[in-house]
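Notes for the one structure printed next.
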2 protein chains.
Amino acid sequence: MRSNVAKKQQESKAASSPTSRPYRIEEQVGYLLRRAHQRASAIFQVSIGDPNITPTQYSSLVKLNEYTELSQNLLGRLVGMDKATMQGVVRRLKERGLVDSRPDPGDARRTLLSLTTDGQRLVNKLLINGPAVSRETLKALNAQEQRQLLDLLSRIA
Amino acid sequence: MRSNVAKKQQESKAASSPTSRPYRIEEQVGYLLRRAHQRASAIFQVSIGDPNITPTQYSSLVKLNEYTELSQNLLGRLVGMDKATMQGVVRRLKERGLVDSRPDPGDARRTLLSLTTDGQRLVNKLLINGPAVSRETLKALNAQEQRQLLDLLSRIA
DNA sequence: GTGGCATCGTGCGTACACGAACGATATGGG
DNA sequence: CCCATATCGTTCGTGTACGCACGATGCCAC
């Protein structure tokens, strides 16, 4: 069976199909995305300026800062989080007094979320460091490569 | 302050300096990496051929298939997982009878891991679908863009 | 208007991810 | 030989991430 795989590779090589390399886990998109995401999260954690704020919490706060008031589900869609995941994120932000909520007067199913004064103050502080986080994460690439990476990522996301 | 930022863009556009845009969370690497990773994981889950195998479990199995026998820590380093994370992954794989372990005769601190027959059979089956997972994840890009993305990712990871 | 279907938020179960602390073992320098 | 230091695996706590099922509410077609 080992030799089976090897043979398959040989065949496609011989047929000069579009460079089908041997299958290496380190060269697969999913694997590379996981590693890159790990490193980006690590950089975020040490550079954003508050060790208790996670990347997902940060994007939620930033979105709430843009929109003033949002339902939990809509916020989840805007930042790309499942509603179950959103639930936990929002609960933690509320526990820390960064986010407030009230029932939507027009739709009893919804909860409207907004930043507290503390939340606003914190976002404004974190937003100062935001660009540095991205810069540090991308520092191995030149300007053109950085733009290209962002473009390619947004196209596969 | 809004106009401040806007002015800066104008300037950099005029001066053709590296285009400092307004700060949008959707344009930050970390955010895009999270979204892209989410989509890649979702594609993996439906395409790899066994809904009970996760991406990290898969890479662990593939590595064990390459090396025959590895300590838990070394496996973790090879697939980019924390030792605490590795612990859980290995435990689940052992519970399912895909991985076996024995104490390292030469170093009592280590546990040597290897695939069981079931594990080997499963990896060989999954490896058939591996390329399709990557292909599907990258399908929005042409061949050159795909290569470029892999290159850029491996350089920031 | 009411009944079927969608949406919203919640709760549960499972799985990564990692820091921190721990005990057992290994190793190198004195 | 022995002690300081490092490595290995485990455990605990916290935080994403998502599928699934649930109850409450909204909405639309009939």
Side-chain angles (χ1 to χ4, degrees), chain A residues 30-31 33-46 48 50-61 70-77 79-96 98-99 101-113, chain B residues 30-31 33-46 48 50-60 70-77 79-96 98-99 101-113 157:
Chain A
Y31 179 85
L33 284 171
R34 181 170 66 80
R35 301 299 302 269
H37 180 237
Q38 279 174 12
R39 177 163 168 274
S41 300
I43 291 173
F44 180 94
Q45 199 205 340
V46 303
I48 198 60
D50 185 333
N52 295 320
I53 292 295
T54 65
T56 52
Q57 290 171 5
Y58 174 68
S59 45
S60 300
L61 293 175
L70 284 171
S71 78
Q72 195 168 299
N73 255 14
L74 179 51
L75 174 57
R77 280 194 294 274
V79 295
M81 282 186 241
D82 186 89
K83 60 185 181 173
T85 305
M86 200 72 249
Q87 227 261 321
V89 174
V90 167
R91 180 175 46 72
R92 284 180 282 272
L93 291 176
K94 288 211 285 196
E95 281 167 5
R96 290 181 217 168
L98 301 172
V99 161
S101 66
R102 66 180 181 113
D104 186 329
D107 187 336
R109 296 170 303 177
R110 292 194 178 117
T111 306
L112 292 178
L113 303 174
Chain B
Y31 179 85
L33 284 170
R34 180 170 65 82
R35 302 298 302 268
H37 180 238
Q38 279 175 11
R39 178 163 166 271
S41 300
I43 290 173
F44 180 94
Q45 199 204 339
V46 303
I48 198 61
D50 184 331
N52 295 319
I53 293 295
T54 64
T56 51
Q57 290 171 6
Y58 174 69
S59 46
S60 300
L70 283 171
S71 79
Q72 195 167 299
N73 255 12
L74 180 50
L75 175 57
R77 279 194 295 274
V79 295
M81 281 186 244
D82 187 90
K83 59 185 179 174
T85 304
M86 200 71 249
Q87 226 263 320
V89 174
V90 167
R91 179 175 47 74
R92 284 180 283 272
L93 291 176
K94 288 211 286 197
E95 280 168 5
R96 291 182 216 168
L98 301 173
V99 162
S101 67
R102 66 179 181 112
D104 186 328
D107 188 336
R109 294 170 303 176
R110 294 195 177 115
T111 306
L112 292 178
L113 303 174

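Order of the sequence lines fixes the chain letters, A, B, ..., with proteins taken first and strands second; residue numbering starts at 1 for each chain.
For the side-chain hydrogen bond (donor to acceptor under 3.5 Å, both in side chains) test, no residue two or more places apart in sequence or in another chain qualifies with Arg39(B). Considering only residues two or more places apart in sequence or on other chains, Arg77(B) meets the side-chain hydrogen bond (donor to acceptor under 3.5 Å, both in side chains) condition with none of them. Here Asp104(B) pairs with nothing under the salt bridge (charged side-chain N to carboxylate O under 4.0 Å, His left out) rule; sequence neighbours left out. The salt bridge (charged side-chain N to carboxylate O under 4.0 Å, His left out) test applied to Arg102(B) returns Glu69(B), not counting sequence neighbours. With sequence neighbours left out, the side-chain hydrogen bond (donor to acceptor under 3.5 Å, both in side chains) criterion links Thr56(A) to Thr54(A). A search for ring-ring contact (aromatic ring centres under 6.0 Å, His included) contacts involving Tyr58(A) returns Phe44(A), not counting sequence neighbours. Every residue two or more places apart in sequence or in another chain that forms a salt bridge (charged side-chain N to carboxylate O under 4.0 Å, His left out) with Arg110(B) is listed here: Asp107(B).
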Output one line per pair: protein atom, nucleotide atom from nucleotides 25-27 of chain C, and distance, for all N/O pairs under 3.5 Å.
unit_1, atom_1, unit_2, atom_2, d
dA26(C), OP1, Ala108(B), N, 2.6
dA26(C), O4', Arg109(B), NE, 3.4

Quick test: give all pairs of protein nitrogen or oxygen and nucleotides 12-15 of chain C nitrogen or oxygen below 3.5 Å, distance rounded to 0.1 Å.
unit_1, atom_1, unit_2, atom_2, d
dA15(C), OP1, Arg96(B), NH2, 3.0

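Toward the 5′ end of DNA chain D lies the nearest nucleotide of Arg110(B), the other residue of the pair Arg110(B) and Asp82(A) mapping further downstream.
Against DNA chain C, the stretch residues 33-44 of chain A makes heavy-atom approaches under 4.0 Å through Arg34(A), Gln38(A).
Within 4.0 Å of Thr85(B), counting heavy atoms only, lies at least one base atom of the nucleic acid. Residue contacts shown for Gln87(B) include a base, since a base heavy atom lies under 4.0 Å away.
Contacts classified as side-chain hydrogen bond (donor to acceptor under 3.5 Å, both in side chains) and involving residues 79-95 of chain A (residues at least two apart or in different chains) are given here: Arg91(A)-Glu95(A), Lys94(A)-Ser101(A).
From Leu93(B), atom CG reaches atom CD1 of Ile53(B) across 6.5 Å, with rounding to the nearest 0.5 Å.
For DNA chain D, the contact window with chain A, defined by any atom under 4.0 Å from a protein heavy atom, covers dG15(D) to dG26(D) in 5' to 3' order.
With rounding to whole Å, Met81(B) atom CE is found 6 Å from dA17(C) atom P.
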